[in-house]
Amino acid sequence: MSEAPRKKVLLSGIQPSGNLMIGNYIGALKNWVKLQDQYDCFFILVDLHAITVQQDPIELRKRCYDFLALYIACGIDPNKNTIFVQSHVPAHAELTWVLNCYTMMGDLSRMTQFKDKAKKHAKNINSGLFTYPVLMAADILLYQTDLVPVGEDQKQHLELTRDVAQRFNSIYGETFRIPEPFIGEKQQGARIMSLQDPQSKMSKSDENPRNYIALLDPPDLIRSKIKKAVTDSGTEITYEESRPAIANLMTIHRAISNEPFESLTERFAGKGYAPFKAELADMVVEFLKPIQARFKEIRSDKSELESILKAGAEIANARTQRLMRKVYKKLGFIPAG
Ligand code: TRP
């Protein structure tokens with residue numbers, strides 16, 4: 001019997017920090033739901049990455065369960081994808097050590113995210129923050145990943161991953177597959193910006209929660225956040241680069257309604273911002289309602305969530321142990337029994 005052709009591996013990590021929000025849904029989750037049949041998908045809750053900045057242990061644990069339940073509520077099927085917690089799969093830490101020895105200090109010191117985070121957490125510039133991209137490289141290379149969906153802020157880390165993999169391969173022979181960035185067809189234009197500052201990306205870790213709409217925000221809060229979102233001068237609902245605030249709200253509308261920009265412009269001609277914002281708010285509330293209901297149900301069954309994570313970690317452990325044996329052998333380590 002011939003084997004089914006290997007599906008391409010698509011892998012992404014998500015930091016269990018902040019609050020999953022509408023930008024994560026529109027920019028990432030929504031696309032992954034569509035890709036889950038086509039690709040062999042790995043979604044990792046990267047708790048080891050999270051501790052590069054100080055975390056409250058109780059909050060961190062709770063957030064990992066929340067994120068998992070939200071993923072599932074958004075349509076990520078745990079039977080079709082491998083979802084697990086990074087710390088449940090020891091090979092992530094092991095390969096990180098190995099790759100550290102093939103990653104240059106100079107390259108790491110050029111990482112813009114390190115520079116940004118070092119500025120933001122000036123009292124805790126630990127070496128984990130510095131080697132963060134090496135752990136990310138290990139995440140990716142452990143599964144012979146073909147595709148990594150990356151936003152602008154993670155492109156540099158993916159480049160570094162490719163460099164490290166190529167360096168290792170050129171010394172020891174073909175070991176790691178070289179990953180490519182994944183640019184979804186609808187990815188463009190799906191970049192959601194902050195509600196109060198449309199020049200910067202909507203971030204789940206923003207210290208001002210008014211900048212984002214969390215997937216679990218209650219209806220009143222969603223309405224008030226959209227109502228108070230900044231707008232541009234003028235009153236028309238038109239999509240123009242020079243009017244980033246209204247363009248952003250229109251992008252959110254379209255991502256949920258699929259209604260073209262021209263149609264929005266037409267429908268709201270001469271009406272001003274208020275009715276547009278009101279419609280958008282209602283739409284977001286209605287859209288999130290079933291997700292929130294599913295979340296509540298899924299989140300209440302902790303033993304089910306635990307068994308999903310256990311199953312994910314089993315698959316991940318089997319795959320990574322094989323790869324680690326190969327890596328250690330190439331390095332010249334004595335096989336462990
Ligand atoms: N560094 C990524 C971020 O901050 C998260 C991440 C960790 C990741 N490991 C990964 C993303 C592997 C893609 C692939 O967003």
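Order of appearance sets the numbers: ligands from 1, and atoms from 1 within every ligand. Since this is a predicted model, take the numbers as computed values, not measurements.
The hydrophobic side chain of I315 is isolated, with no ILVMFWY side chain under 4.5 Å apart from it.
A salt bridge links D217 with K225: the closest approach of a Lys/Arg side-chain nitrogen to an acidic carboxylate oxygen falls below 4.0 angstrom.
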Atom pairs and distances, donor-acceptor, side-chain atoms in residues 322-333, under 3.5 Å, two or more places apart:
| unit_1 | atom_1 | unit_2 | atom_2 | d |
| --- | --- | --- | --- | --- |
| K330 | NZ | Y172 | O | 3.3 |
| K330 | NZ | E174 | O | 3.1 |
| K330 | NZ | T175 | OG1 | 3.3 |

Pairs of donor and acceptor atoms involving the side chains of residues 91-98, under 3.5 Å and at least two apart or interchain, shall be tabulated with distances.
| unit_1 | atom_1 | unit_2 | atom_2 | d |
| --- | --- | --- | --- | --- |
| H92 | ND1 | D139 | OD1 | 2.7 |
| H92 | NE2 | Y143 | OH | 2.8 |
| T96 | OG1 | H92 | O | 2.5 |

Salt bridge (charged side-chain N to carboxylate O under 4.0 Å, His left out), that's the test. Do K201 and E152 meet it? Break it down for me. CA-CA 10 Å; K201 199 174 157 186; E152 207 48 54; over 6 Å; no
Tabulation required: pairs of a nitrogen or oxygen in ligand 1 and a protein nitrogen or oxygen under 3.5 Å; columns are atom names and distance to 0.1 Å; otherwise 'none'.
| unit_1 | atom_1 | unit_2 | atom_2 | d |
| --- | --- | --- | --- | --- |
| ligand 1 | 1 (N) | Y132 | OH | 2.8 |
| ligand 1 | 1 (N) | Q154 | OE1 | 3.0 |
| ligand 1 | 4 (O) | Y132 | OH | 2.9 |
| ligand 1 | 4 (O) | Q154 | NE2 | 3.4 |
| ligand 1 | 9 (N) | D139 | OD2 | 2.7 |

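K80 forms no cation-pi arrangement with Y39, by the criterion of a distance under 6.0 Å to the ring centre and an angle within 45° of the ring axis.
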